[in-house]
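One structure below.
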Amino acid sequence: MGHDPWSELRDVAEGVRRSIETALHVTTPGTLEEAPEGRGLFALATHPWAKALKASPGDIASRAARVRPAPPFEPLRAEGPYINFQVNPASFSELVLASVRLMGDRYGTSPARTERVLLEHTSVNPTGPLHVGRARNPLLGDSLGRLLRYAGHPVQREYYVNDIGKQMVLLYWAVTNLKPTPEDEAEERVERRYVRLYQRANALLEKDPALGKEIESLIDRFEGGDGQLTRAIRAVGDGVLHRIVAVLTRLGITFDSFFWESDLILDGSVHRVIERLLPLSKEEDGAHYLDLSGFGLEGDAAKYFFVTRRGTSLYTTRDLAYHLRKMERCDRAINVLGEDQKLSFQRLKATFQLMGIDWAPETIYYAFVSLPEGRMSTRKGIVVYVDDLIDEAIERAFAEVSRRRADLSEPRRRAIAETIGLGALRYNIVRVQAEKAITFRWEDALNFEGNSAPFLQYAHARACSILAKAGDLSPGEPRLLLHPQEQRLLRWIAKFPSTVRDAADSRRVHVVASFASDFASQFNQFYRDCPVLTAEPPALRDARASLVDAARIVLHNGLDCLGVTAPREM
RNA sequence: GCUCGGGUCGCCUAGCAUGGAUAGGGCACCCGCCUCCUAAGCGGGUUAUCUGGGGUUCGAAUCCCCACCCGAGCGCCA
């Protein structure tokens with residue numbers, strides 16, 4: 001018995017489907033779909049064959065149902081125009097629980113694959129605190145990384161640190177030249193102190209052309225390979241980066257590597273890219289660009305500048321250099337990007353084609369998170385910072401835990417509150433498909449009921465509570481698990497591994513969130529209908545306990561894919 | 001204007017790549033359930049002809065075309 005009972009059963013059913021088609025003498029293959037619950041595991045619609053067979057779908061279904069399916073499937077059933085594939089319930093229980101027993105706590109993972117994935121996510125400029133608008137990136141990226149690992153890929157999670165460019169240089173200038181006010185100094189968090197200086201520098205820049213020149217000359221020195229200046233600027237960025245990473249760590253998000261943009265200048269990568277691109281380029285006022293028309297781009301969108309009039313590189317140039325380097329380090333690169341990056345990436349991919357490179361990074365785009373007041377903007381003060389959000393979430397969760405569980409000690413309640421608060425945040429962002437714009441609302445982000453992480457965590461805690469009381473597990477007799485609610489739960493357990501793998505393959509994290517929510521709902525219904533501890537005979541009690549343990553593993557791992565911790569008690 | 005996304009109950013959302021059995025969930029609202037493994041739960045009720053219009057098809061939320069609305073982009077910025 002393997003790791004993925006659903007796919008195994010599906011394979012058997014596909015064989016039956018082919019036998020049906022042979023028996024019916026039809027040439028167009030039908031599509032096996034999942035049957036609605038209560039009508040078996042799989043279903044085959046007969047409509048497509050009606051014309052060729054000159055018969056009604058109902059008649060075809062009854063005729064097809066005479067085909068004898070392979071075990072563990074029971075005799076086929078014709079219901080209207082459908083042929084339904086039902087498994088023997090006792091065999092189904094046995095099969096599913098055998099898979100879970102085989103995999104143990106790793107149930108849901110797929111066998112190792114060889115394709116090495118380099119997953120770049122977050123990559124926010126280290127110029128200020130992380131706000132919720134940007135946070136969708138690490139949340140999505142980290143979950144995707146987890147998912148890919150469940151699906152068997154070796155994954156390297158990388159943060160590309162944009163420590164070059166006007167923004168960064170301006171921040172450096174502000175930090176080294178502006179005198180902090182007492183309010184600035186009162187702010188303990190570096191990134192928040194810096195952002196205040198940065199905002200002031202920005203205002204100065206708008207009024208003072210001389211400052212603009214100064215910034216430009218700093219950029220030129222930087223680009224020219226001034227190592228001392230580079231180190232100084234990087235130190236400023238590093239200070240902010242540490243804080244960003246610290247906030248992400250609170251959310252359970254970590255990285256395997258950091259790639260500094262400035263290294264691409266220092267090691268000559270940028271220079272080499274420019275050399276390589278120059279022969280392919282056109283010139284305009286001393287600046288160079290690639291004409292990308294014919295790659296699905298036209299007009300201004302097709303002009304891809306990579307050298308400025310002043311001879312310096314651009315963000316895009318370095319990005320090209322970066323991805324050229326990435327190519328050498330993995331089989332597949334996946335980037336999680338804001339939708340505002342679409343055009344630049346389309347150009348990057350086109351450029352690769354122009355260069356004759358038969359490789360391109362894969363991109364996952366997400367829409368922005370805005371506030372009811374509008375798009376998030378640090379400058380306009382329309383912003384919610386992630387660390388504030390985390391604090392608020394944990395505080396609210398603590399109030400809830402304290403209200404419900406006065407019996408627990410305070411440290412215990414604090415620990416649970418952290419799990420719940422953090423979980424609620426992550427889940428809330430990741431449950432929605434990435435392309436959909438989100439309006440951030442506190443009441444949604446801190447929702448602890450319904451379709452929320454605490455709902456799933458609660459189901460997990462319930463399972464753990466039963467298991468704690470059940471004591472040592474013996475497998476019992478799985479063939480006794482014939483209650484409709486047990487069978488439904490088994491079905492959801494069976495689907496878990498293939499759901500995770502499909503979600504990873506299609507890079508759709510929210511699929512796992514939906515699954516986990518439906519799963520928890522199934523578990524709660526089972527919990528209502530099937531008492532475990534008092535079940536008789538003991539073989540049933542033990543089998544139910546094993547079922548609960550299997551559900552516990554699915555809940556735990558489903559949550560784990562989303563980066564949410566599953567508490568044993570709450 | 002052009003390009004790319006999105007438009008599903010009052011609000012949020014799944015389903016759309018592989019078109020099929022009454023379009024699932026959640027929130028909110030109303031009713032009910034703790035001598036029984038944690039009520040952050042469960043059951044029931046009210047709520048959508050899936051933005052609009054054409055088309056393809058035995059069959060369309062799903063595919064195609066047109067229109068409308070919202071978001072993003074169209075820098076020698078990052």
Side-chain angles (χ1 to χ4, degrees), chain A residues 31-33 35-36 39 43 45-48 50-51 57 79-82 84 125 127 162 164-168 261 284-289 296-303 305-312 314-316 318-319 338-344 346 365-368 370 375 397 400-401 403-405 407 420 424 431-439 441 443-444 447-459 461-470 506 510-511 513-515 517-518 520-521 523-525 527-535 544-545 548 569-570:
Chain A
T31 310
L32 203 63
E33 53 192 296
R39 297 187 187 274
T46 57
H47 312 89
K51 197 173 267 178
E79 289 175 276
Y82 294 91
N84 291 324
N125 299 355
T127 51
N162 303 115
I164 295 192
K166 205 182 259 178
Q167 268 191 65
M168 198 57 225
E261 191 177 0
E284 192 176 291
D285 304 331
H288 289 267
Y289 69 94
L297 296 161
E298 50 186 89
D300 286 348
K303 278 188 180 178
F305 282 93
F306 64 97
V307 178
T308 68
R309 193 183 333 179
R310 297 189 356 265
T312 54
L314 279 132
Y315 162 77
T316 50
R318 289 166 236 135
D319 218 20
E339 61 180 346
D340 56 337
Q341 307 282 314
K342 274 184 192 174
L343 178 61
S344 10
Q346 202 186 338
Y365 297 107
Y366 62 92
F368 288 115
S370 59
R375 191 167 169 179
E400 286 295 314
V401 178
R403 190 166 63 77
R404 297 167 204 261
R405 296 301 303 272
D407 58 310
I420 291 171
R431 53 177 255 263
V432 182
Q433 70 183 93
E435 313 80 74
K436 230 157 183 160
I438 295 181
T439 303
R441 292 189 180 85
E443 60 268 35
D444 293 341
N447 171 31
F448 296 156
E449 290 170 354
N451 190 8
S452 71
F455 173 75
L456 314 187
Q457 292 171 317
Y458 185 67
R462 275 180 152 180
C464 289
S465 170
I466 293 173
L467 293 168
K469 289 176 178 150
S506 59
H510 75 276
V511 168
S514 298
F515 177 91
S517 175
D518 291 341
S521 179
F523 179 76
N524 283 328
Q525 289 167 53
Y527 183 92
R528 176 197 62 207
D529 291 340
C530 304
V532 177
L533 302 176
T534 56
R544 279 190 177 167
V548 170
E569 149 182 80
M570 66 185 271

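- Remark: P of U3(B) and OH of Y365(A) are 17 Å apart, rounded to the nearest angstrom.
- Here the closest heavy-atom approach between residue L314(A) and residue V307(A) is recorded as CD1-N, 3.7 Å.
- Under a cutoff of 6.0 Å and an axis angle of 45°, R462(A) and F523(A) do not form a cation-pi pair.
- Under 4.0 Å is where a charged nitrogen must lie from a carboxylate oxygen, and between E284(A) and R309(A) no such pair does.
- Nearest to the side-chain atoms of M570(A) among the listed nucleotides U38(B), C27(B), A21(B) stands U38(B).
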Pairing string, 5' to 3', for RNA chain B - Watson-Crick or wobble contacts under 3.5 Å, brackets [ ] where pairs cross, | to another strand: (((((((..((((......[...)))).(((((.......))))).....(((((..]....))))))))))))....

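- Of the side-chain N and O atoms in S465(A), one or more sit less than 4.0 angstrom from OP1 or OP2 of U38(B).
- Applying the 4.0 Å criterion to OP1 and OP2 of A78(B), one finds that R318(A) has a side-chain N or O inside that range.
- Straight-line distance between the P atoms of C50(B) and A21(B): roughly 15 Å, to the nearest whole Å.
- For the C1' atoms, the distance from C34(B) to A23(B) is 35 Å, rounded to whole Å.
- Distance from the side chain of Y458(A) is smallest for G41(B) among the nucleotides C74(B), C37(B), G41(B).
- Nucleotide A40(B) holds its C1' atom 14 Å from the CZ atom of F523(A), rounded to whole Å.
- Listed nucleotides C37(B), C74(B), G73(B) differ in distance to V532(A); the shortest reach to its side chain belongs to C37(B).
- Contact between the side-chain N/O atoms of R375(A) and the OP1/OP2 oxygens of A72(B) is found at a separation under 4.0 Å.
- If you check every strand for non-hydrogen atoms under 4.0 Å, Y527(A) touches a base.
- Distance noted for atom C1' between U22(B) and G10(B): 23 Å (whole Å).
- The phosphate of A39(B) has OP1 or OP2 within less than 4.0 Å of a side-chain N or O from R462(A).
- Residue T31(A) is the one, among T31(A) and V401(A), whose nearest nucleotide of RNA chain B lies closer to the 5' end (criterion: closest heavy atom).
- Under a 3.5 Å cut-off, the side chain of T46(A) and the backbone N or O of P57(A) do form a donor-acceptor pair.
- Distances were taken from every side-chain heavy atom of R404(A) (C-beta onward) to each of A40(B), C77(B), A39(B); the shortest belongs to A40(B).
- Looking at heavy-atom distances under 4.0 Å, R310(A) makes no contact with the nucleic acid at all.
- In this structure, K303(A) does not reach the G75(B) phosphate: none of its side-chain N or O atoms is under 4.0 Å from OP1 or OP2.
- For L314(A), the listed nucleotide lying nearest its side chain is C76(B); candidates were C76(B), G75(B), A72(B).
- Residue contacts shown for G80(A) are absent, as no nucleic acid heavy atom lies under 4.0 Å away.
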Base versus backbone protein contacts along nucleotides 4-16 of chain B [heavy-atom cut-off under 4.0 Å; B, S, -]: BSSSB---SSSS-

